[in-house]
Amino acid sequence: MNAPVLIQPNRIAGKGRLSVADPMRFTFDGKTLPALKGDTVASALIANDIHLVGRSFKYHRPRGIVSAGPEEPNALLGIQRDVARHTPNIRATVQEVYDGLEATSQNRWPSLKYDIGEINDVVSPLLSAGFYYKTFMWPRKAWDKVYEPFIRNAAGLGKAPVHKDPDRYSSQHEHCDVLILGGGVAGLSAALAAAKNGARVIICDEQPTFGGALHFDTDIVIDGMDGFSWAQQAMAKLAAMDNVRVLTRTTAFGYYAQNYVGLIERVSEHLSAPSADLPRERLWEVRAKKVIIATGSIERHMVFANNDRPGILLASSARTYLNHYGVAVGKNVGVYTANDSAYAAAFDLKEAGINIPAIVDIREHPNAELVAKAKALGIRVLTGHGVMAAGGKLRVSSMSVAPVNGGAREVIPIDSIIMSGGWTPSVHMFSQSRGKVAYDAAKSRFVPGVYAQDCVSVGSCNGTDDLSAIIDEAIKAGEEAATYVRPNTSQVSISIEANGGNAWEGTLIGAAPGAEAGKVVKAFVDFQNDVTAKDIRLAVQEGFQSIEHVKRFTTNGMATDQGKLSNMHGLAIAAEALGKELPEVGLTTFRAPYTPITFGALVSHSKGALFEPTRKTPMHESEVAIGAVFEDVGNWKRAWYYPKGGEDMHAAVNRECKTTRTNVGMFDASTLGKIEVVGPDAAEFLNLIYTNPFLKLGVGKLRYGIMCREDGFIYDDGVVARIAEDRFHVTTTTGGAPRVLNMMEDYLQTEFPHMKVWLTSTSEQWAVIAVQGPKSRDIIAPFVDGIDLSAEALPHMSMAEGTICGVPTRLMRMSFTGEMGFEINVPADYGRAVWDTLYEAVEAADGCAYGTESMHVLRAEKGYIIVGQDTDGTVTPHDAGLDWAVGKKKTDFVGIRGLKRPDLVASGRRQLVGLKSIDGRSVLEEGAQIVEDPNQPVPMKMIGWVSSSYWSENAQKPIAMALIEDGFNLMGKKLYVPMANEVIEVEVCKAVFVDEEGGRLHG
Amino acid sequence: MLLIHCPYCAEERPETEFAHAGEAHIERSTEMNALTDEGFSKFFFYRDNTKGTTFERWRHIHGCGRYFNAARDTVSDKFLTTYKAGEPKPDLSKLVDDQTNAGAKS
Amino acid sequence: MDNSVKLRRSLPLAEKAFGASGVSVTSMGAGYRCSLRVGADDVAALSQALGVDLPQTPKTSARSASRIAMWLGPDEWSIYDSKNNPIDDLKNVDVACAGVDVSHRNTAIEVSGSLAAGVINAGCPQDLSLEVFPVGACSRTILGKVEIVLCRTKADIFHVECWRSFSPYVFEFLSTAAKEQSALAAR
Amino acid sequence: MRRFSGFAVAREAMRAHKGWGQQWDNPEPKSSYDVIIIGAGGHGLATAYYLAKEHGITNVAVLEKGWLGGGNTGRNTTIIRSNYLFDESAGLYNHAVNLWEGLSQDLNYNVMFSQRGVMMMAHNVHDVQVFKRHVHANRLNGVDNEWLTPEQAKAYCPPLDISKSARYPVMGAALQRKGGTARHDAVAWGYARAAAARGVHIIQNCEVTGIKRGQGGEVTGVETSRGFIGAKKVGVVAAGNTSHVMQMADVQMPLESFPLQALVSEPVKPCFPCVVMSNTVHAYISQSDKGELVIGAGTDQYTSYSQTGGLHVIQHTLDAICEIFPIFSRMKMLRSWGGIVDVTPDRSPIIAQTPVPGLYVNCGWGTGGFKATPGSGHVFAHTIAKAAPHKINEGYTMERFTTGRLIDEAAAAAVSH
Ligand SMILES: Cc1cc2nc3c(=O)[nH]c(=O)nc-3n(C[C@H](O)[C@H](O)[C@H](O)COP(=O)(O)OP(=O)(O)OC[C@H]3O[C@@H](n4cnc5c(N)ncnc54)[C@H](O)[C@@H]3O)c2cc1C
Ligand SMILES: NC(=O)c1ccc[n+]([C@@H]2O[C@H](COP(=O)([O-])OP(=O)(O)OC[C@H]3O[C@@H](n4cnc5c(N)ncnc54)[C@H](O)[C@@H]3O)[C@@H](O)[C@H]2O)c1
Ligand SMILES: Cc1cc2nc3c(=O)[nH]c(=O)nc-3n(C[C@H](O)[C@H](O)[C@H](O)COP(=O)(O)O)c2cc1C
Ligand SMILES: [Zn+2]
């Protein structure tokens, strides 16, 4: 962009720290405006004499910039870098201008100046706090169709993004000895002291430059320098030390248990062309041994009629605009204060050539020196006066001033008002740490009281006002923190010399004169949520006596600024209305985040490929190559079916099932959980974990096992192989792998610690290829060495070790299809090569690969259950027809007692049976419900449900399994499955649909 | 995220390395079969759910893998101590004193 | 045994590598690993068989030749060897223990460079300062949403182990973080 | 009770709202009551209201240790639905939904019950099976619930990403159109006002510290931070604090209390029309009438009585939200908070008499009791008034943990909320 011509009406030559040599341009509501490097959007707007920047939430009142920091309630803009990088509700006072930035005002239509929503301001008497609870109830139907859509449309500020966020966010876990929150004079002093004493220090500040109040307070001299320069030097000194990490633009947003503090660093949002590799923001998750809280304090506004008019700002903010950004907030600036600090702002403005028509001070006797100085500068001081109302609409134009104790009003024309009701210590982080605040009655403020964690507050946030006292306190805290963490390092003390910075006296919380009870004016407490002093009083009047009720009824403090300006005022007004003292009423709870933080930054890397791991088996790529379609099972991708030549799932599954039963099929079973159970007591241990008996299982033999929880419900199942006397290879379901191992470890470590057994997960050590079907042996035989595959040597449910394709294998003769079959375990890195080799052979024999869907069908044809499908957490082994797997003679196993509870042995339990569709063609829907009488009225008595259901190509009919009340006794009974548009007749049968005798297993 | 001292690793580690495993010192009977229905129910379902100092189990599942016990205040979420599985309940009165002293430090 | 092998080992990460200024992330070649479980009484015997002193202090490791023994738990070690399978050395040991070959279960990634610790800290919540996690330190821990075993082999080199199906995630995580940290460091 | 209406608001607007009185009184406790309810959450207040309205028992006090509605009622994500699987649950929650539909009118308080629909996403084959099982069971139980294809789901909730390439693609959804949200605070306030109008005493800042029992073991009253208050019957409706309160009567409970967190975004213009839940990735989201996205997180893993939790739990939730709705990544979290939920082993509530004569308990709603508020209060009032359960809560006893007759929706479906 070409260097713009700088015509900025409010930029004061020679003031501020920005350089005219760094011009930039940005747009506001489409209009291009000049700015300087280092400007915030707010300072640049004010430089261009723009105060009107938005509309309020409820009444759509015109609103301007109130502050120069994160406490800003009004100046929220939409910021757009490009189409996909639109962000709503950005505080203009925090967002730095970069060349080309686009800003848009919010919550107005059709334009900022002429906003239809303004009608709400006119009818505002109707829209008092909580009005919606009292109305919109008739007619009943109108709520859904008229009232609620109306309320919703009126609410909300900016517009949510509509594009996927293209930005990166990064995260970082970090540890340190001392974490310092805030880089004002207190934070910097503490950091210097801690760092000099050898501590690992992190200091962060949410602003682009350190210094805090030194940005505006030019009266301060530290170590012979003006305060701001000192801060920059201190920060440079810290940054150069190896044991210190200095973080600017970094907000501490959350203080969690055990000194775990979350910080967000804004990395690139101030750059005009950030590198694509640079994250937009970075989340720091810091664990500190000691935290020093040095978050300063926040100036309060004055609560008077129309105090929300654009052009009315906090006094110290006006001073920041002048002294840091070189921008005057107006040409003719009125001052309204209850506190000394506004005087300095007035003096600075006056000295910069701005007209100050009057300082209105509600105090009768403010500091005489300040008054004298004002007079010396030719500023009129009205003590004991208040601003009864502000005039103007889109911009403040006058202030109506009157004595506090009553008297004539004088209307003073101005184009801006700066105000100060005193300072609120920022106890947010302290409170988040679960510390309890204490009330400082002398100064009407809450300060840190009882600490709950290893932290300490210093400076203005601790209620310390005097500069020298702040520095002393901070140095002490820094030194003590360092020696607390590192008691053995020798102590270095530092000294910092300061001049200026006396305590500012005076405070006003609650409504200012003219807005007291009974006055029907709009004196805003919470700007963004349009909460006025009278709303707070109304809440109390209606019985909302707890401050928490007041908050929720009025929404005071619930806006994006979370009450940084409003909470104390709200509290004071409520307390007055209740006739109670402030601490009796108390504050609402401080919660994270301190200021709103981007979802993306909390997500950081956990998105897209890193949202969750995607687990693939060793054979995955080979399966992709032969056209597999995958399904998600937990984090796994499992081959679901292998369509050929345009087949749909149904056709593919029919072919796969048929081929496997008549010829051979191969299946990737690698995702099954595997646990190696080793040790002299291994058999004993499994005997306790499984319902089945395990002591007598021979070496080289397999056994199907069921596992319950103590409550007797099926938890998992799998096949257990005895590799050696003291070594078992246990399999679990895919999803069950981690929890089964965890449960076994639990019993082993805590209930049976006397047993010498060790558990190792081998789920991923072994790739598993199931080869099933009448030709399975012929297929694998040529590749196997060292194992006799004959039915005699390796019968069903046995295993042997040897090699396949030259690689070691645990070869198991087992079957989940009902066919003769083998499960070939090979070390995972060989899985793909073995799969490829076998697949070639299978293909040559006109066999096929089959996926999980066919696996489900094939096992259902045999009535084998799938835990989690045919059982849920309410099914016992007996219900599932697996009574035979429960060791009757065992004196103990997990679940033995639970199984005997009355309801688990009662009659009428749902039992797993087969179902045939009587029409011979209707495939039931899984999950469909079963009734005895399809003609009964709703609610119907359901007696069971369909857990598995498929078309069986092998049986040439639909097959299903279902859990039905008393099912074992209902064989042959006709039941009904009512669907949305039809009723399907079914008959209960045994859950075996192919090879009922089971001969095929043994080929 | 809590910071938990693993008695086996002898170090404080972040909570995400651990899995909470319910109330501690609930022993499984060696005579499960002899339990009454009520006895079983107490063992399996009923919990003290203490407001205040609770004894609970954790597993350093993404660390050393060990189960161990902790005494923790469920109001402040602060740990009083952690100890190895199988060790007896520590003497609480002493622990509370230690905490107060430790607290006084800050 | 492996001599008879005709087939290739296909490693889950093949030969993946990512480099940026200040850090590189490299998948390591095929190695051998044994998960070893044994009670305190028999540690000495196994140390002898394996030719490496099984460390008994938490979070430490011991090395010998191509072999490294990492303490993972009070009765658990991970033995890593880039050349020989440690399981072979346990064949004739006569103590109650569990040696399980997990060579193929895990795979390893090396993260090296001045930014290495920071890159791992993008997802690992442990303190990786040299003071707390010195050279030789090792631990099972977390990276993002998965479990890893971390061993610091040099001041700026980390050996990261994880289960094979998690390795694409771990690699992607580390290289994403590496790219960003590199860009951040260059600011 | 001054009736609320648009006319009343208009009339008051003309006179600066000077005419509104207290929505409920803050009386001093009497020395005794027929019934004391411990806990002025939605359930406790509803119980008191229905005791007065349906059973004519008005000599009732609701004792609250803090401010009414300040427990989980004031901190939940307000999801209301009734498409549960089991007959017991469908019966209870559907009873509640029926009451919700007329609640604003019944209480003369707009609780902003918004039937914008609750959509539960299915992301894998297992989800599809489970949700279809619900849809079928619900249809036969007369509970509204329908199955949507991914395209239909997208049409119902346009921000949804249904691309096949998503990490967890949307394979369909179960939609309950009658489900939705309500304004949580208004529910507590509305019940409080309506109960107070019928003579119920609501006594805030009154913590129950002991439960007194007579010779026969029966309850005789409660010790409180404001002294002893006698009672013939006591109903404990103390949500997260139940175990602690019941301990005062020497009754151990099958409960554990966990922190459960939630958060809101900054307010934005309407962009999200319904409630979406995804149990597979753990995401619960809706947009309030004020414009914030209201997002529910999971429980922390450890038991706690503090209303806070760990940041990682919030992060986990936002991961899921941004994964299903990538457009929300630039939105900002405005506030996060926690509640304490008491969870039973089968995650279904207990609404029952206890072994102590005169002592009744309503608890164990875990992460999902807001939706039941009217139904729960209604049947609990019946249970207390008649000293016998209503047909709807017959199964919700403590004895079920002895007999094994659990109502385990989660076991059946891995569904929470
Ligand atoms: C973050 C979060 C999100 C949730 N989301 C949902 C949701 O989307 N949908 C849903 O249906 N449910 C949800 N729930 C659950 C729901 O909030 C609760 O189940 C429900 O509000 C419980 O209501 P209650 O009236 O029983 O309890 P509460 O509102 O907690 O009331 C119990 C009251 O008892 C008081 N009390 C306790 N001890 C004492 C004592 N000793 N003396 C006097 N008073 C006492 C407490 O102060 C409290 O006010 C959520 C919960 C949380 C925390
Ligand atoms: N004289 C008085 O009565 C009076 C009253 C108030 C302030 N002050 C002046 O204010 C200064 C006080 O020094 P101080 O260091 O205590 O406060 P400060 O306001 O100068 O510094 C606090 C710093 O903390 C940062 N901060 C606040 N919250 C943060 C968060 N959550 N995350 C990151 N950064 C955060 C702010 O950006 C700021 O830079 C002095 O200069 C003093 O003169 C004086
Ligand atoms: C549905 C819902 C919406 C909320 N919206 C807001 C909100 O817009 N602004 C806000 O500050 N807090 C909001 N809150 C949170 C409350 O401020 C408060 O955190 C919550 O009720 C818990 O109370 P506590 O933080 O005082 O413990 C909301 C809470 C709920 C339950
Ligand atoms: Zn450990």
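The chains referred to below are lettered A, B, ... by the order of the sequence lines, with proteins before strands, and numbering in each begins at 1. Just so it is clear, the values below take in all heavy atoms, side chains as well, and ignore hydrogens, waters and symmetry mates. Quick caveat: nothing in here was measured; it's all calculated off a predicted structure.
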Under 4.5 Å from any heavy atom of chain D - which part of [X]:
| X | answer |
| --- | --- |
| Tyr594(A) | neither |
| Ala609(A) | neither |
| Leu283(A) | side chain |
| Ile597(A) | both |
| Ala928(A) | both |
| Val875(A) | neither |
| Ile90(A) | both |
| Val162(A) | backbone |
| Gln541(A) | both |
| Ser124(A) | neither |
| Asp632(A) | both |
| Asn635(A) | both |
| Glu926(A) | both |
| Ala601(A) | neither |

Problem - Flag, side chain of Glu409(D) to backbone of Leu85(D), donor-acceptor distance under 3.5 Å - result: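 Side chain of Glu409(D) to backbone of Leu85(D): a pair is present.
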Practice task
Report yes or no: does Arg91(A) contribute a side-chain atom to a donor-acceptor pair with the main-chain N or O of Asp561(A) at less than 3.5 Å?
Solution key: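 Checking the backbone N and O of Asp561(A) against the side chain of Arg91(A), no donor-acceptor pair under 3.5 Å is found.
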With a 4.5 Å cut-off on heavy-atom pairs, point out which of [options] contacts chain D the most.
| options | value |
| --- | --- |
| Glu631(A), Lys159(A), Gln562(A) | Gln562(A) |
| Asp165(A), Leu904(A), Val540(A), Thr135(A) | Asp165(A) |
| Glu281(A), His86(A), Met979(A), Glu285(A) | Met979(A) |
| Phe131(A), Trp143(A), Phe136(A) | Trp143(A) |
| Gly868(A), Ser546(A), Gly254(A), Ala980(A) | Ala980(A) |
| Met558(A), Glu612(A), Lys941(A) | Glu612(A) |

Electrostatic pair [X]-[Y], nearest N-O below 4.0 angstrom:
| X | Y | result |
| --- | --- | --- |
| Glu146(D) | Arg177(D) | yes |
| Glu323(D) | Arg167(D) | no |
| Asp319(D) | Lys607(A) | no |

Handout entry: Aromatic Phe4(D) / basic Arg193(D) pairing, under 6.0 angstrom, 45° off normal
Key =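 Satisfied, under 6.0 Å and within 45°.
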Contact winner vs chain A - [options], heavy-atom pairs under 4.5 Å:
| options | result |
| --- | --- |
| Gln204(D), Lys18(D), Arg3(D), Arg139(D) | Arg139(D) |
| Arg400(D), His316(D), Glu101(D) | Glu101(D) |
| Met14(D), Arg116(D), Glu12(D), Gln115(D) | Arg116(D) |
| Cys322(D), Ala16(D), Gly6(D), Ala137(D) | Ala137(D) |
| Ser114(D), Gly291(D), Gly180(D) | Ser114(D) |
| Asn205(D), Val125(D), Leu311(D) | Leu311(D) |

How about [X] and [Y]: do any of their side-chain heavy atoms sit closer than 4.5 Å?
| X | Y | result |
| --- | --- | --- |
| Ser329(D) | Tyr169(A) | yes |
| Lys290(D) | Arg183(D) | no |
| Leu68(D) | Trp24(D) | yes |
| Arg81(A) | Asp167(A) | no |
| Arg133(D) | Gln129(D) | no |

Practice task
Supply the atom-to-atom distance Asp872(A) CG to Trp945(A) CH2, rounded to the nearest 0.5 angstrom.
Solution key: 5.5 Å
Chain A heavy atoms under 4.5 Å from [X]: which part of the residue, side chain, backbone, both or neither?
| X | result |
| --- | --- |
| Gln23(D) | both |
| Asn26(D) | side chain |
| Asp87(D) | side chain |
| Thr402(D) | backbone |
| Phe7(D) | neither |
| Pro158(D) | neither |

Practice task
Determine whether the aromatic ring centres of Phe544(A) and Phe553(A) lie less than 6.0 Å apart.
Solution key: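 Yes, the ring of Phe544(A) comes within the 6.0 Å limit of the ring of Phe553(A), centre to centre.
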Residues [X] and [Y]: side-chain donor-acceptor under 3.5 angstrom:
| X | Y | result |
| --- | --- | --- |
| Glu292(D) | Ser288(D) | yes |
| Asp408(D) | Thr874(A) | no |
| Gln528(A) | Thr560(A) | yes |

Problem - Criterion side-chain contact (heavy atoms from CB on, under 4.5 Å) on Phe325(D) and Asp161(D), from CA distance to verdict - result: CA-CA 6 Å; Phe325(D) 304 106; Asp161(D) 176 5; over 6 Å; no
Exercise for the section: Mind telling me whether His134(D) and Phe131(D) have parallel, tilted or perpendicular rings, with 30° and 60° as the class edges? Expected result: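 Taking His134(D) first and then Phe131(D), their aromatic rings stand perpendicular (interplane angle over 60°).
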